[in-house]
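To keep things clear, I will list the structure first and then write my remarks on it.
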Protein chains: 2
Amino acid sequence: MAITLSDVAAKAGVSRSAVSRTFTEGASVSEKTRKKVLKAATELGYTPNYIARSLATQRTQLIGVICNNFKNPYLLEIFELLTSGLQARDLRPLLVNLTGGTDPEESVDQLTRYRVDAVILASSTLPTSFAQAFEKAGLPCIHLFGRAADNNNVCVVGINNEMGGEIAGKSLIEHGYQKPAFLGGPASATSTQDRLKGFERGLQNRGHSVAFTHFADNYSFEAGYDAMKTLLADRRDFDALFCGDDIIAMGALTAARENGICVPDELGLLGFNDTEMSRWPGVSVSTIAQPTEDIVRSAIELAQTILADPSRGAEARLYACKLIERGTLKPISDAKSR
Amino acid sequence: MAITLSDVAAKAGVSRSAVSRTFTEGASVSEKTRKKVLKAATELGYTPNYIARSLATQRTQLIGVICNNFKNPYLLEIFELLTSGLQARDLRPLLVNLTGGTDPEESVDQLTRYRVDAVILASSTLPTSFAQAFEKAGLPCIHLFGRAADNNNVCVVGINNEMGGEIAGKSLIEHGYQKPAFLGGPASATSTQDRLKGFERGLQNRGHSVAFTHFADNYSFEAGYDAMKTLLADRRDFDALFCGDDIIAMGALTAARENGICVPDELGLLGFNDTEMSRWPGVSVSTIAQPTEDIVRSAIELAQTILADPSRGAEARLYACKLIERGTLKPISDAKSR
DNA sequence: AACCATTTAGGAAACGGTTGCAAAATTATT
DNA sequence: AATAATTTTGCAACCGTTTCCTAAATGGTT
């Protein structure tokens with residue numbers, strides 16, 4: 001039923017090689033035969049079979065994309081960039097959802113079977129060992145938003161989370177808060193760990209320290225909301241909260257308002273990621289922005305580079321992040337801070 | 001470098017067929033050879049090559065998934081269900097992002113090249129002609145949340161949008177609103193068109209009519225917010241608003257509050273989809289729920305059924321939807337309505 | 001017109017599996 | 001123990017491409 005190369009070759013009166021070449025970028029065919037082939041191909045309605053091609057070329061143009069948090073709208077922004085970026089380069093995303101069973105072996109197998117050219121790990125909560133499992137299996141892996149440990153051999157594209165935390169700490173103090181606390185994502189997430197570390201440093205540099213640390217169960221509204229409720233029920237003493245993600249900040253903000261707490265006067269709130277939601281009128285949470293677009297683009301480019309030259313070593317590309325001031329921070333006091 | 005079937009066969013001292021059979025569900029191999037093969041395979045670290053297998057079997061186990069609105073968090077809920085549902089059945093989603101250039105031909109080509117077994121069109125805004133383009137190309141297509149036109153030959157799994165609209169109309173009246181208006185998604189979306197139709201009918205049945213209709217540019221917070229701002233600036237006369245989606249309702253709600261309008265007393269608000277966000281404390285928008293989980297599961301099952309029996313005709317599976325009462329509708333007046 | 005340098009074309013062997021078929025091995029039946 | 005029925009095995013062809021290699025065609029020089 002399906003039209004193949006041979007059908008086109010027969011109809012055009014040329015060899016199969018000739019047909020193959022017309023559909024291969026940069027192959028040598030005369031203008032005359034190309035015309036003939038193209039004509040026959042459109043008449044027959046031929047579409048090249050990339051599965052067969054992949055078998056012959058040992059390249060699938062498939063990129064495995066691994067995700068594990070579908071509760072965070074930020075993922076959607078990443079998806080949008082990732083999918084459009086990949087397909088603009090003639091690559092196709094093959095999705096793996098890790099929610100539920102987080103077994104590296106299983107997902108490695110899934111993707112190896114399809115011989116994906118590379119894997120993009122789109123998660124800040126997975127340990128570096130996860131990415132290494134892919135490398136070990138011979139799959140080039142790029143850990144998007146991962147931690148750039150110095151001893152490992154896997155590519156990372158993201159930000160310096162410690163720096164992000166430091167900026168957060170510095171900013172809260174500058175905006176006149178005295179007892180800043182930390183509400184991270186899950187304690188096991190490297191992003192949370194690193195942001196906390198930087199946060200502590202940022203506060204110490206200014207002679208302060210973190211009031212307390214608390215971890216939400218995951219990066220979601222609900223987790224942020226519940227965590228804040230707990231903090232308030234426990235009557236914890238704090239006047240500012242650095243949250244591990246905008247969605248957590250959003251949950252915390254809602255809980256705070258429900259308890260009649262005035263943001264930003266009684267409580268300063270800082271999120272992370274500068275998601276679209278944080279910009280919404282009526283929400284307007286101040287946040288630490290990472291250049292998501294640059295990061296995703298860079299990751300895709302890096303993937304291509306590695307494919308072109310597999311001997312290339314691992315590389316970390318870390319971008320700077322910056323404070324975005326919105327409604328959940330009180331204005332910097334006229335004292336000569338800064 | 002990569003281990004192949006032949007390597008395993010050689011090591012195990014059996015034929016290539018024997019190895020193939022051990023890795024094929026339900027093929028005939030003796031326990032003895034299976035053991036030998038498995039042993040050799042694990043020692044060598046063999047992983048079957050699904051690309052090669054696909055070429056031989058004419059089945060890729062790939063399902064094309066097409067999306068076009070990454071601004072709506074509802075999509076994330078769908079993704080979660082879709083990806084986990086597919087991989088539970090040993091199918092893999094191959095993503096196509098339609099945002100930007102919405103060219104059917106192009107995406108048909110992309111997916112035909114990879115010989116996906118079927119296509120799931122996850123969008124309520126695309127015309128039915130889009131789905132038909134896939135069918136014409138020989139790709140079984142399931143239009144998730146699509147319109148079930150009676151004359152077409154493509155599968156649809158979703159809800160009866162007219163019925164959803166009718167429930168909305170009925171509910172607004174029952175809750176005591178007098179001048180209900182309609183704020184849909186883009187006017188070109190079949191879901192919006194059908195919901196409007198049902199809405200009008202629902203109102204008429206109770207002796208009312210729609211105050212006016214307005215269409216947001218797309219299914220997004222921003223579009224809902226902007227639309228509401230326009231309506232308010234124009235001093236439109238309405239006391240209830242049926243929105244085409246929760247995210248639009250959310251934008252509208254925010255705009256209304258900014259203008260000091262009291263919801264639900266001065267303005268009733270009704271969303272659609274019962275998204276997680278609509279349940280958030282502090283948001284709590286009343287909404288029309290569709291059984292998303294059932295719908296997605298059903299779509300996947302239908303895909304499998306069609307694959308098993310390609311001669312099967314098109315089929316529409318429409319689910320009922322229902323009102324979820326939350327904070328944006330005033331309580332039903334003690335008058336004897338209902 | 002004869003020669004050489006370049007392009008272009010075709011044949012055939014991969015790529016890594018599956019599967020129909022016939023032969024071999026096993027098990028069941030008498 | 002011989003035979004029949006059944007299961008297991010291996011061979012070889014095939015799935016739809018690419019690509020190396022050699023041969024043919026083309027074009028440019030003298």
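Each chain gets a letter, A, B and so on, in the order the sequences are listed, and its residues count up from 1. None of these values were measured; they are calculated from a predicted model.
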Quiz item: Between Phe79(B) and Phe79(A), does the ring centre distance come in under 6.0 Å?
Solution: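 That pair passes the under 6.0 Å test.
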Quiz item: Is a donor-acceptor contact shorter than 3.5 angstrom present between the side chain of Arg16(A) and the base of dG10(C)?
Solution: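 Check fails, no donor-acceptor contact within cut-off.
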Quiz item: Short question: side chain of Asn69(A), backbone of Tyr219(A) - any donor-acceptor pair under 3.5 Å?
Solution: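 Side chain of Asn69(A) to backbone of Tyr219(A), a donor-acceptor pair under 3.5 Å: yes, one is there.
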Quiz prompt | Polar side chain donor-acceptor pair, Arg317(B) to Ser298(B), under 3.5 angstrom | solution =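 There is such a pair between these side chains.
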For [X] and [N], what is the distance between atoms [atom1] and [atom2] respectively, to the nearest whole Å?
X         : N       : atom1 : atom2 : answer
Arg115(A) : dG16(C) : CZ    : C1'   : 9 Å
Glu31(A)  : dA25(D) : CD    : C1'   : 17 Å
Arg53(B)  : dG16(D) : CZ    : C1'   : 18 Å
Ile51(A)  : dG17(C) : CD1   : C1'   : 13 Å
Leu5(A)   : dG11(C) : CG    : P     : 13 Å
Tyr50(A)  : dC15(C) : OH    : C1'   : 18 Å
Gln58(B)  : dT19(C) : CD    : C1'   : 13 Å
Arg113(A) : dG16(C) : CZ    : P     : 17 Å

Just to be sure I understand the rule, does [X] reach a base, reach only the sugar-phosphate, or reach nothing, if contact means heavy atoms closer than 4.0 Å?
X        : value
Ser54(A) : nothing
Thr4(B)  : sugar-phosphate
Ser17(B) : base
Ser30(A) : sugar-phosphate

Quiz prompt | Residue mapping more 5' on DNA chain D - nearest nucleotide basis, Leu55(B) or Ser15(B) | solution =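 First, find each residue's nearest nucleotide; the 5'-ward one identifies Ser15(B).
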Using the side-chain heavy atoms of [X], tell me which of these nucleotides is nearest: [options].
X        : options                   : answer
Asn49(A) : dT18(C), dT17(D), dA9(C)  : dT17(D)
Ala18(B) : dG16(C), dG10(D), dT7(D)  : dG10(D)
Val14(A) : dG10(C), dT19(C), dT17(D) : dG10(C)
Ser28(B) : dT9(D), dT18(C), dT17(D)  : dT9(D)
Tyr46(A) : dT17(D), dT18(C), dC15(C) : dT17(D)
Thr33(A) : dA9(C), dT9(D), dT19(C)   : dA9(C)

Quiz item: Within less than 4.0 Å of OP1 or OP2 of dG16(D), is there a side-chain N or O belonging to Ser6(A)?
Solution: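 Result: no.
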Listing, residues 56-67 of chain B side-chain donor-acceptor contacts under 3.5 Å, not counting sequence neighbours, or none:
from	atom 1	to	atom 2	distance (Å)
Thr57(B)	OG1	Arg53(B)	O	2.9
Thr57(B)	OG1	Arg59(B)	N	3.3
Thr57(B)	OG1	Arg59(B)	O	3.3
Arg59(B)	NH2	Leu307(B)	O	2.6
Thr60(B)	OG1	Leu62(B)	N	3.2
Thr60(B)	OG1	Arg115(B)	O	2.8
Thr60(B)	OG1	Asp117(B)	OD1	3.3

Quiz item: Is atom CD of Glu315(A) surrounded by more than 12 heavy atoms (other residues, nucleotides or ligands) closer than 6.0 Å?
Solution: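 Yes, enclosed.
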Quiz item: Bend angle of the helix from dA1(C)-dT30(D) to dT30(C)-dA1(D) from five-pair axes at both ends, rounded to 10°?
Solution: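 Roughly 30° between the end axes, to the nearest 10°.
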Under 3.5 Å, which N/O atoms of the protein pair with N/O atoms of nucleotides 21-29 of chain C?
none

